[in-house]
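First the structure, in the form of structure tokens, and then the observations on it.
So you know, we letter chains A, B, ... as the sequences are listed, proteins then strands, and number each from 1.
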Amino acid sequence: MKLLTKPAYLLLVLAAATSCDSSNSPDPTPKATSVHLTLGNPSGAVADVKKPTNYLLLKPQYALSYHRDRGIPNWVSWHLDNTWRGAAPRQDDFRADDALPEGWYQVQGSSYQGSGFDRGHNCPSADRTKTVADNSATFLMTNMTPQAPRSNQQTWARLEEYCRSLADTGKELYILCGSYGKGGSGSDGGVTQTIDEGHVTVPRRCWKVVIILPIGSNDAARVSTGTRVIAIDSPNDNSIGSNWGQYRVSVDAIEAATGLDLLSAVSPAVQAKLESTVDAGPTE
DNA sequence: CTGCAGAAC
DNA sequence: GTTCTGCAG
């Protein structure tokens with residue numbers, strides 16, 4: 001074994017001395033929040049079995065509020081910078097999420113089959129490629145929403161790619177998305193209210209909010225009135241295309257439609273400015 | 001080529 | 001599970 005240099009030894013001693021728990025036992029009280037909720041918890045979701053319509057699920061890779069009776073999340077929130085991205089291949093292991101409370105219906109990987117709707121990721125597969133475990137976590141069905149194929153593969157896919165391109169240029173992003181309403185139009189046409197024998201509601205609209213920051217500490221105080229915020233609200237309809245820019249709205253409009261309180265960790269004055277503005281920046 | 005998938009076996 | 005196909009960019 002190679003001997004440690006004196007400075008390295010001192011660092012180890014300091015690290016041990018400042019750690020309030022022994023390093024070889026699990027933390028008995030995991031933090032109640034995560035980096036993914038740095039800018040807030042839009043619905044005050046909690047991991048309480050008595051709150052089936054606003055149930056908090058925290059994963060290392062993202063955080064979400066799950067609606068048991070709709071079978072889809074109310075919102076999903078995640079942090080994106082290039083430390084989340086790597087070479088892990090797409091896992092494609094769509095599956096039920098057994099982290100839900102006992103007795104709750106679990107949407108299955110096959111639940112959308114033949115519905116005319118995609119198993120649309122909220123937190124995208126391609127945003128979580130650092131490790132196989134990270135990528136696999138995005139395929140839990142609690143991270144899915146039945147989405148019209150063109151909405152998923154064109155509208156959202158283009159915006160997701162744009163977000164990753166911003167990460168590639170040294171940005172750090174906080175992203176939230178979700179859906180609301182009932183009744184979408186998939187590849188089979190018409191309007192579909194639910195699938196999977198009523199266990200999964202097909203939403204009418206899908207929304208996404210992107211906060212773009214320079215790389216830095218994970219701190220809501222870094223959001224200023226000059227921070228770029230992109231918000232879109234698009235129909236869950238297979239007639240739409242790749243031009244996500246045309247669906248830009250204010251964050252206020254999404255809050256009005258959903259009842260959520262977005263960016264609640266940001267100071268009220270900054271929120272007021274950012275949430276009333278509609279992005280007019282580049283789309284590619 | 002990658003990323004979004006669905007369908008067949 | 002694996003393999004194949006389709007679409008957009």
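Within the cation-pi definition used here (under 6.0 Å to the ring centroid, within 45° of the axis), A/Arg68 qualifies as a partner of A/Trp104. A cation-pi arrangement is present between A/Arg119 and A/Phe94 under the rule of less than 6.0 angstrom and at most 45 degrees off the ring axis.
Between A/Arg95 and A/Asp93, at least one side-chain N (NZ, or NE/NH1/NH2) sits under 4.0 Å from a carboxylate O, which counts as a salt bridge.
For A/Tyr174 and A/Trp78, the ring centers are positioned 6.0 Å apart or more.
Here the C1' atom of nucleotide B/dA7 and the CG atom of A/Asp92 are 13 Å apart, to the nearest Å. Between the CD atom of A/Glu160 and the P atom of B/dT2 there is a distance of 18 Å, given to the nearest Å. What separates CE of A/Met141 from C1' of B/dA5 is a distance of 13 Å, to the nearest Å. The nearest whole Å value for the distance from the CD atom in A/Gln91 to the P atom in B/dA5 is 14 Å. Rounded to whole Å, atom C1' of B/dA5 lies 6 Å from atom CZ of A/Arg90. In this structure, the CZ atom of A/Phe94 is 15 Å from the C1' atom of C/dG1, given to the nearest Å.
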Between the protein and nucleotides 5-9 of chain C, which nitrogen or oxygen pairs are less than 3.5 angstrom apart?
| residue | atom | partner | partner atom | Å |
| --- | --- | --- | --- | --- |
| C/dG6 | N2 | A/Gln153 | OE1 | 3.3 |
| C/dG9 | OP1 | A/Ser242 | OG | 2.6 |

Restricting to nitrogen or oxygen on both sides, can you table the protein-nucleotides 2-4 of chain C pairs closer than 3.5 Å?
none

Could you list the donor-acceptor pairs under 3.5 angstrom formed between side-chain atoms of residues 257-268 of chain A and any protein atom two or more places apart in sequence or on another chain?
| residue | atom | partner | partner atom | Å |
| --- | --- | --- | --- | --- |
| A/Thr258 | OG1 | A/Ile254 | O | 2.8 |
| A/Thr258 | OG1 | A/Leu260 | N | 3.2 |
| A/Ser267 | OG | A/Val270 | N | 3.4 |

Would you list the atom pairs, donor with acceptor, under 3.5 Å between side chains in residues 192-201 of chain A and any protein atom, with sequence neighbours excluded?
| residue | atom | partner | partner atom | Å |
| --- | --- | --- | --- | --- |
| A/Asp196 | OD1 | A/Tyr105 | OH | 3.3 |
| A/Asp196 | OD2 | A/Tyr105 | OH | 2.5 |
| A/Asp196 | OD2 | A/Ser111 | OG | 2.9 |

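Within the 4.5 Å cutoff, side-chain heavy atoms of A/Glu255 are placed close to those of A/Glu275.
Among A/Thr138, A/Asn143, A/Asp97, A/Thr142, the one residue that satisfies the side-chain hydrogen bond (donor to acceptor under 3.5 Å, both in side chains) test with A/Lys59 is A/Asp97. With A/Val229 as the partner, the side chain to side chain contact (heavy atoms under 4.5 Å, CB included) test is satisfied by one option alone out of A/Asp279, A/Val251, A/Thr277: A/Val251.
Less than 4.0 Å separates DNA chain C from no heavy atom of any residue of residues 112-129 of chain A.
Using a 4.0 Å cut-off, no side-chain N or O of A/Asn152 falls inside it from OP1 or OP2 of B/dC4.
Scanning for side chain to side chain donor-acceptor pair (under 3.5 Å) contacts around A/Ser179 gives an empty result, with sequence neighbours left out.
The hydrophobic clustering, which links ILVMFWY residues whose side-chain heavy atoms are closer than 4.5 Å, places A/Leu37 and A/Val35 together.
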